[in-house]
Amino acid sequence: MSVRHKPSKPRHGKHMPGPRGSHASSGMASCNMFQGSWVLDDAPPLYDTAGCPFVEAEFDCQKYGRPDKLYLKYRWRPASCELPRFNGQDLLSRWRGKKILFVGDSISLNQWESLVCMLHAAAPASRTTYSRGTPVSSVTFQDYGLSVVYYRSTYLVDIVEESIGRVLKLDSISGDPWLGADMLIFNTWHWWTHTGKDQPWDYVQDGGQVMKDMDRLTAFSKGMSTWARWVDSNVDVSKTKVYFQGISPTHYNGADWGESSRSCAKQTQPIAGPAYPGGPLPAQGAVRSAISGMSKPVFLLDITLLSQLRRDAHPSAYSGGHPGNDCSHWCLAGLPDTWNQILYASLLA
């Protein structure tokens, strides 16, 4: 590898990330936070996007005309425990003076914007600085010295411009900009399936072999293995907590949940759990395999199943920055808030 460097009452147990997978230790040692069901809850969302300056048009479904709000009324209930309610002021205090870094594609962007809105709503008087750019965007809560940063990297592995064109290098990561964060949350998947004009590379390189294309799941698996080796070789986990976000599903094909020819358009309710009719996604296996082979502890935010059940939570036609029917990203406020609630639960000590 080339390295370039039940209706819940809020409660606060002692939750720590387990070394690998979906189980938190201590107060939630027997709980799998990622198996459960969605239940109706009258509690309001943790923020209103109208009052959050960090949400972009593509995720702001209410601003762009979504007529229903039922999708904001569902709460994730694990089968064997209760999640603590998100406490933004507590998180800001615990992580005072630190840096949280999301690295990945626009699904990471979705979760990053959710988290900074949740924190902003919890401490609206806190002074903030905000910058939006490529590849780096950040929000700093100045009164706490906490920076929450997004670094856009669609594949995690490198794309290098060479004489033959743009080459996706499955065994190379230039990750120096990611070092030094106190928390790293990685994500990649959707772009591995893009073809044609949507594909940002011309060739793929696997070791010494350069080819025009290869099986995308195989390529993803190799890229995940490279990422895992990079973390093992470069990240000091005594100073940095490492997460992998997991695979965020899409809802373009109603046949996956037993409704032929229907997509996420006009869906207003989750799919009844506890299982998803279409079953697990093959990419989940590649993620688990990469993490299980690591020498360092990585917490898998295994968001796939709980997100698969939320066919109703996408922007669909109500996205000011994403024309057409968007069944891959998620409305804000909405589902990514639950991802961040689980992230918070894993950090409680």
Side-chain angles (χ1 to χ4, degrees), residues 38 41-76 86 88 100 102 104-124 126 128-141 148-152 154 185 187 190-191 245 248-252 263-270 303 306-307 309-344:
W38 291 96
D41 191 327
D42 287 333
L46 291 170
Y47 59 92
D48 183 343
T49 51
C52 181
F54 317 122
V55 173
E56 298 180 27
E58 61 184 315
F59 307 139
D60 198 345
C61 303
Q62 289 296 312
K63 180 178 180 180
Y64 288 93
R66 180 159 177 166
D68 65 300
K69 293 186 177 181
L70 186 61
Y71 70 97
L72 296 170
K73 295 292 187 180
Y74 285 98
R75 174 176 55 83
W76 178 247
F86 181 83
I100 298 172
F102 290 87
D105 57 24
S106 55
I107 303 298
S108 284
L109 175 67
N110 228 171
Q111 187 176 3
W112 172 71
E113 291 189 10
S114 164
L115 182 59
V116 294
C117 285
M118 292 164 78
L119 293 174
H120 180 263
S126 176
T128 59
T129 56
Y130 172 47
S131 64
R132 185 74 176 92
T134 302
V136 180
S137 303
S138 68
V139 176
T140 299
F141 295 86
V148 188
V149 183
Y150 165 64
Y151 189 102
R152 181 173 174 81
T154 52
I185 306 161
N187 152 263
H190 283 192
W191 281 85
Q245 185 196 60
S248 177
T250 63
H251 290 91
Y252 287 104
S263 72
C264 73
K266 299 182 180 180
Q267 300 287 349
T268 60
Q269 294 180 335
I303 63 168
L306 65 90
S307 304
L309 299 176
R310 292 306 306 273
R311 61 184 176 185
D312 60 312
H314 297 285
S316 61
Y318 308 106
S319 173
H322 201 283
N325 187 38
D326 184 356
C327 296
S328 58
H329 299 101
W330 306 94
C331 293
L332 296 180
L335 175 66
D337 306 336
T338 297
W339 303 348
N340 285 320
Q341 184 186 10
I342 293 173
L343 174 68
Y344 172 70

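Note that the structure is predicted; figures quoted are calculated from it, not measured.
H329 places a side-chain heavy atom less than 4.5 Å from the side chain of S106. Counting heavy atoms from C-beta on, the side chains of H314 and W330 come closer than 4.5 Å. A heavy-atom distance below 4.5 Å is found between the side chains of W339 and S307. In this structure the side chain of Y47 never reaches within 4.5 angstrom of the side chain of L119, judged on heavy atoms. Side-chain contact between L70 and D312 is absent, with no heavy-atom pair separated by less than 4.5 Å. Counting heavy atoms from C-beta on, the side chains of L332 and C117 never come closer than 4.5 Å. Q269 is listed as a side-chain neighbour of Y74, based on a closest heavy-atom distance under 4.5 Å. Side-chain contact between S328 and Y252 is present, with at least one heavy-atom pair separated by less than 4.5 Å.
Residues P53 and Y130 approach most closely at O-CE2, 3.8 Å, considering heavy atoms. The heavy-atom pair separating A122 from G88 by the smallest distance is CB-CA, 3.5 Å. S126 and F141 get closest at one heavy-atom pair: OG-CB, 3.9 Å. Here the shortest heavy-atom pairing between P45 and A333 reads CB-CB, 4.0 Å. Scanning both residues, R66 and C331, for their nearest heavy atoms gives NH1-SG, 3.7 Å.
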### Message
Checking R132 against F54 for the side-chain contact (heavy atoms from CB on, under 4.5 Å) test, could you report, in this order, the C-alpha distance in whole Å, the side-chain angles of both residues, the deciding distance, and whether it holds?
### Response
CA-CA 9 Å; R132 185 74 176 92; F54 317 122; over 6 Å; no
### Task
Take D41 and W76 through the test side-chain contact (heavy atoms from CB on, under 4.5 Å) and record every step on the way to the result.
CA-CA 9 Å; D41 191 327; W76 178 247; over 6 Å; no
### Task
Just do the side chain to side chain donor-acceptor pair (under 3.5 Å) check on H190 and S248 with the steps written out, would you?
CA-CA 8 Å; H190 283 192; S248 177; 4.6 Å; no
### Task
Evaluate the side-chain contact (heavy atoms from CB on, under 4.5 Å) criterion for residues W112 and V139: first the C-alpha distance (whole Å), next the side-chain angles of each, then the deciding distance (0.1 Å), finally the verdict.
CA-CA 10 Å; W112 172 71; V139 176; 3.9 Å; yes
### Message
Between L306 and W38, is the side-chain contact (heavy atoms from CB on, under 4.5 Å) condition met? List the steps.
### Response
CA-CA 8 Å; L306 65 90; W38 291 96; 3.9 Å; yes
### Task
Quick one: do T268 and D68 satisfy side chain to side chain donor-acceptor pair (under 3.5 Å)? Show the steps, please.
CA-CA 7 Å; T268 60; D68 65 300; 5.6 Å; no
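Rounded to the nearest 0.5 angstrom, L72 CG and Q62 CD are separated by 6.0 Å. Once rounded to the nearest 0.5 Å, the distance linking CG of L46 with CG of N340 reads 10.0 Å. Going from atom NE2 of H251 over to atom CG of N325 covers 12.5 Å, rounded to the nearest 0.5 Å. A distance of 6.0 Å separates CD in E58 from OG in S319, rounded to the nearest 0.5 Å. The CG atom of D48 lies 12.0 Å from the NZ atom of K63; values are rounded to the nearest 0.5 Å. To the nearest 0.5 angstrom, M118 atom CE is 7.0 Å from Q341 atom CD.
Under the 3.5 Å distance criterion, the side-chain polar atoms of Q267 are matched with a main-chain donor or acceptor of S263.
D60 and T49 share a donor-acceptor pair across their side chains, judged by distance under 3.5 Å alone.
Tested against E113, the residues Y150, F59, F102 include a single side-chain contact (heavy atoms from CB on, under 4.5 Å) partner, F59. Among the candidates D337, T338, L109, the single residue satisfying the side-chain contact (heavy atoms from CB on, under 4.5 Å) test with S114 is D337.
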